[in-house]
Amino acid sequence: MLNTDFTITEIADYLGFYDTSYFYRMFRKMTSMSPTAFVAQQDPGNHHFFIRQL
């Protein structure tokens, strides 16, 4: 997620999650944070990637 221009929906679909909301829930369950928070924590300058998805 850090090194791609794919959208959250595209990443979720590629991983077999056809419901983006379910992907968010499972991501949060596994990491204790949202995909947006995860990326921001790893690279604070890269948060724009997920903002366009909201």
Can you name the residues that form a side chain to side chain contact (heavy atoms under 4.5 Å, CB included) with D19, not counting sequence neighbours?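 Partners of D19 by the side chain to side chain contact (heavy atoms under 4.5 Å, CB included) criterion, ordered by chain and then number, come out as S21, Y22.
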Can you tell me how far CZ of F17 sits from CD1 of I11, rounded to the nearest 0.5 angstrom?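 So the gap between those two atoms works out to 12.0 Å.
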In terms of hydrophobic clusters joined by side-chain contacts under 4.5 Å, are F27 and Y14 together?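 Cluster IDs for F27 and Y14 match.
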